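Proteins get letters first, then strands, A, B, ... in listed order; numbering begins at 1 in each. These numbers come from a predicted model, not from an experiment.
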2 protein chains.
Amino acid sequence: MLTERQRLILNAIVDDYIRSAEPVGSRSISKRGDVGFSPATIRNEMADLEELGFLEQPHTSAGRIPSHKGYRYYVDHLDPTYQNFSAELRTLRAFFAEKLNATEQVIQHAAMILSNITNYTSILLGPEVFHTSLRHFQLLSLNETTAVAIIVTSTGQVESKTVSVPPGVSVSEMEKVVNLLNSKLVNVPLYKLKTRLYRELGQEMQRHLTNFEEIMSILDNIFVEEESDQRVYLSGATNMLTQPEFKDVEKVKDILDLLEETPTLTKMMASMQGAAGVQVRIGTENDHEAFANCSLITATYSLDGEALGTIGILGPTRMEYAKVMSLLGILSKDLTAMLSKLNK
Amino acid sequence: MLTERQRLILNAIVDDYIRSAEPVGSRSISKRGDVGFSPATIRNEMADLEELGFLEQPHTSAGRIPSHKGYRYYVDHLDPTYQNFSAELRTLRAFFAEKLNATEQVIQHAAMILSNITNYTSILLGPEVFHTSLRHFQLLSLNETTAVAIIVTSTGQVESKTVSVPPGVSVSEMEKVVNLLNSKLVNVPLYKLKTRLYRELGQEMQRHLTNFEEIMSILDNIFVEEESDQRVYLSGATNMLTQPEFKDVEKVKDILDLLEETPTLTKMMASMQGAAGVQVRIGTENDHEAFANCSLITATYSLDGEALGTIGILGPTRMEYAKVMSLLGILSKDLTAMLSKLNK
DNA sequence: CGTTAGCACTCGACTCTAACGAGTGCTAAC
DNA sequence: GTTAGCACTCGTTAGAGTCGAGTGCTAACG
C-alpha cells in the first residue's frame with residue numbers, strides 16, 4: 001500500500017513527533033540522516049501521505065503530525081524486536097519474583113513501579129475472582145445481628161462481606177449451613193456458586209433448616225455481589241499532566257475523571273483481555289470520548305491458558321509505542337511463566 | 001483585636017472571595033448591603049486590615065484577597081450554627097444507615113458521595129485496624145508452599161496475607177499452632193499481638209512444636225505488617241481541576257501527586273485524628289508544600305470515646321468553610337452515634 | 001472626629017498592529 | 001525522478017495604545 005520510502009518517512013515523522021510533541025517539518029526529517037532525501041522530495045511524499053490519511057496538518061504553514069491512521073500503521077509495522085531496558089526490567093522482575101501474590105498492596109506497588117519507569121499511567125486489572133474456584137467459605141458472627149462472610153479462592157484471594165442476620169435466624173443455624181456448604185462447594189468455580197447453591201443444596205438444606213427462606217436470601221446476597229469484581233489498580237494518573245498536549249486543564253479533566261470511574265475502567269480493561277499478545281487502542285479506537293487523544297496498550301497474563309489479569313499503560317496518542325509495547329510483552333510473559341511455575 | 005466594623009468587612013471580603021475567586025474591591029463590599037458604609041470608609045479599613053496582615057493585595061490597583069491569617073480569623077469566628085443542607089444530608093444518612101460497615105466498597109462509595117455533594121476532594125481514613133481486637137485468626141493452605149493467613153477484627157474488618165511456608169514446616173503443624181493461637185489471642189488488641197505472641201506463647205509452643213523457629217518467623221511476618229495500615233480512600237481528586245486558582249496545570253500537579261501518595265496522605269490524616277470536633281488546616285498550616293494553597297477540613301468519628309476514623313475534605317484555601325465544616329460536624333456525630341448504637 | 005465625595009494615579013487585561021520565521025506548495029532546472 | 005529556489009501562509013511574539021476597576025489621598029461635610 002505504501003512505498004518503502006513513504007513508510008520510512010512516516011516512521012521518521014511519528015518518531016520525531018513522539019519525542020518533540022511538535023509538528024514535524026520536511027527539513028528536520030531530511031537532516032535526521034535515515035531518510036536520505038532533500039526536503040523538497042520529502043515534502044512531496046508528505047503531501048501524498050496526508051492525502052492518504054496518514055498525516056495531518058494543524059494549519060497550512062505548519063509541519064505534519066501523524067493521524068490516528070498514521071499511528072496505527074506505525075504500530076502495526078513496528079519492528080517487534082525487544083529493546084533492552086535491562087535496568088528497569090531487573091527491578092520489576094526482582095519485585096515480582098519476590099512477592100508474587102495478589103495482595104492489594106503488592107498489585108498497587110507493581111502499578112507504581114510501572115508508572116514510574118514509563119512515565120505514563122498504569123492500569124492493572126487484578127486476577128479475576130469470577131473464574132477461580134472456592135477454597136474456603138466461612139461465616140463469623142460479630143454480634144447479635146451482624147456477621148462477616150469470608151470467601152477464600154483457590155488463588156488465595158480473600159473476599160469478605162458484612163451481612164446482617166435477621167432476628168429470627170440464629171447464628172448456630174447459620175453455621176450449620178456454612179459447614180454443609182463448605183464441604184459441598186469447595187472447588188466449585190465462583191461463577192457457578194449461585195446456581196449450585198440453588199439446584200443441589202435446595203432440598204437438602206430445606207430439610208435441615210427451619211428458616212430456610214431467610215438464610216437462603218442471606219447467602220444469595222453474599223454470593224451475588226462477588227461475581228463481577230475484578231479490581232483495577234491505578235498509578236501515575238498525574239503523569240498525564242506532564243504531557244505537553246494536556247497542558248490545558250480542560251483537556252485532562254475528562255481523562256482523569258474517567259480514570260476515577262473504576263467500574264468503567266474495569267470494563268474497558270476487561271474488554272481488552274480477550275486477545276493474546278500486546279494490544280493497542282489508539283485514540284478513538286477506545287470507545288470513550290475522553291480517551292480520544294490517548295492510547296491504551298495492554299497485555300494479558302494467564303494461568304493454564306486462561307486469562308487471569310491485564311496490565312495496561314495509558315498515555316497520549318503520541319506515546320512511546322515501541323518501548324511500552326515491548327515492556328508489556330516481556331512482562332506479561334514473565335508473569336505467565338512465574339505463575340505457572342508457582343502453581344505447579 | 002479587631003473592631004466590630006473590621007470584623008464585618010473582613011467577613012464580607014472572605015465571603016465574596018470564596019464565591020468569586022477574584023480580588024474584592026471596596027465598592028462591591030459597600031453595595032452588598034450588610035456593611036453600611038461608603039467605599040471610601042471601607043477602603044480605609046481595608047488598608048488597616050492589610051497592615052494587620054489579614055488581607056493581601058495582588059497588585060497596587062487590584063482589590064484585596066484574604067491572607068492565610070485572614071482565613072484563619074474568618075474560620076475561628078465563624079458562626080457555628082449549622083446550615084441546612086437537608087437534601088444532601090438525607091442522602092448521606094440514608095446511605096450510612098443502610099450499610100454501616102467498613103467494607104472497602106462502602107467506604108469508597110461514601111467518599112464518592114461526599115466529593116459529589118461538596119465539589120471538593122474527599123479523603124476518608126478508614127477505621128484503624130491497629131486498635132481493634134482480634135476476632136478470629138486462621139491459616140489456609142493453598143498448595144505445598146503457600147498459605148493464606150486471615151485475620152478478622154472485632155469490627156468485622158478482614159485482613160489477609162499470603163505467606164510462603166518453607167519445606168520443613170508441615171501444614172498440619174501450622175494448623176495446630178493456629179488453633180492454639182485462636183483460643184489464646186481472641187480479643188487481644190492487634191497492637192498487642194506481637195508482644196503477646198512472644199511472651200505468653202513462647203514456651204508453650206516450643207513444647208508442642210518441632211520447627212519452632214521457622215513457624216515463629218512466619219507468624220511474625222504475618223502480624224508485623226498488619227500494625228500500620230489504616231487505609232485512606234480518596235474521591236473527587238479531579239474536582240481540584242475545576243477550581244479557577246488551579247487552572248494552571250503546574251499548580252495542580254503537585255497537589256494531585258501528593259494525593260496519589262497514600263502513605264503520606266495516611267499520615268497527614270492520622271495526625272489530625274487527635275483533637276475532637278472539626279479541624280481546619282489552612283494553607284501552609286498543612287505541613288506539605290504542595291498543599292500551601294489548599295485547606296483541609298477534617299472531623300473524627302469514634303466508638304466508645306476512641307477515635308476510629310477521620311473524614312476529610314480538601315479544597316483550595318478559598319473554600320466554603322462554613323458549609324463544609326458544618327457538614328463534617330454533623331456527619332461525624334451521626335457516624336459516632338450510629339456506631340455506638342450498632343455496637344451495643 | 002468620623003465619614004464621604006472627588007480625583008489623580010496605578011496597573012493588569014485586552015486589542016491591534018507589525019515583524020518574524022518555520023514551513024509549505026509549486027515551478028523550473030538538473 | 002530529484003532538488004533548488006521562491007513566493008506565500010499563518011501562527012507566534014513583541015510592542016503600543018486603550019480601558020477600567022480599584023486604590024490612596026485630600027478636602028469638605030455633618
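Counting atom types as modelled, Arg43(A) pairs a side-chain N or O with a base atom of dG25(C) as donor and acceptor under 3.5 Å. Contact annotation: side chain of Thr41(B) to base of dT3(C), donor-acceptor pair absent below 3.5 Å.
Among dT3(D), dC10(D), dT4(C), the nucleotide with an atom closest to any side-chain atom of Ser38(A) is dT3(D).
A straight line from CG of Asp16(A) to P of dA22(C) spans 16 Å, rounded to a whole angstrom. Rounded to a whole Å, the CZ atom of Arg5(B) is 16 Å from the P atom of dC1(C). Distance, Glu22(A) CD to dG11(D) P: 15 Å, rounded to whole Å. Rounded to whole Å, the distance from CD on Glu50(B) to C1' on dG24(D) is 12 Å. One can place CG of Leu55(B) at 11 Å from P of dT23(D), the figure rounded to the nearest angstrom. A straight line from CD of Gln57(A) to P of dG11(D) spans 11 Å, rounded to a whole angstrom. In this structure, the CG atom of Asp48(A) is 14 Å from the P atom of dT24(C), given to the nearest Å. The distance from atom CD of Glu51(A) to atom P of dT24(C) is 16 Å, rounded to the nearest whole Å.
For dG23(C), the OP1/OP2 oxygens have no side-chain nitrogen or oxygen of Ser61(A) closer than 4.0 Å. For the OP1/OP2 pair of dG25(C) and a distance below 4.0 Å, the side-chain nitrogens and oxygens of Arg64(A) include at least one atom meeting the criterion. Between dT23(D) and Ser26(B), a contact under 4.0 Å exists linking OP1 or OP2 to a side-chain N or O. For the pair Thr60(B) and dC11(C), the criterion of a side-chain N or O lying under 4.0 Å from OP1 or OP2 is met.
The nucleotide dG20(D) finds its pairing partner in dC11(C), both defining distances of the Watson-Crick or G-U wobble pair being shorter than 3.5 Å. The partner of dA29(C) is dT2(D), judged by Watson-Crick or G-U wobble contacts that both fall below 3.5 Å.
The aromatic ring centroids of Phe54(A) and Tyr74(A) lie 6.0 Å or more from each other.
Within 4.0 Å of Ala40(B), counting heavy atoms only, lies at least one base atom of the nucleic acid.
Leu296(A) approaches Met269(A) most closely through the heavy-atom pair CD2-SD, 4.4 Å.
By the 6.0 Å contact criterion, CZ on Arg27(B) is open, its count of non-hydrogen atoms from other residues, nucleotides or ligands being 12 or less. Within 6.0 Å of the NZ atom in Lys251(A), the count of heavy atoms belonging to other residues, nucleotides or ligands does not exceed 12.
Here Arg318(A) pairs with Glu245(A) in a salt bridge; the nearest charged N to carboxylate O distance falls below 4.0 Å.
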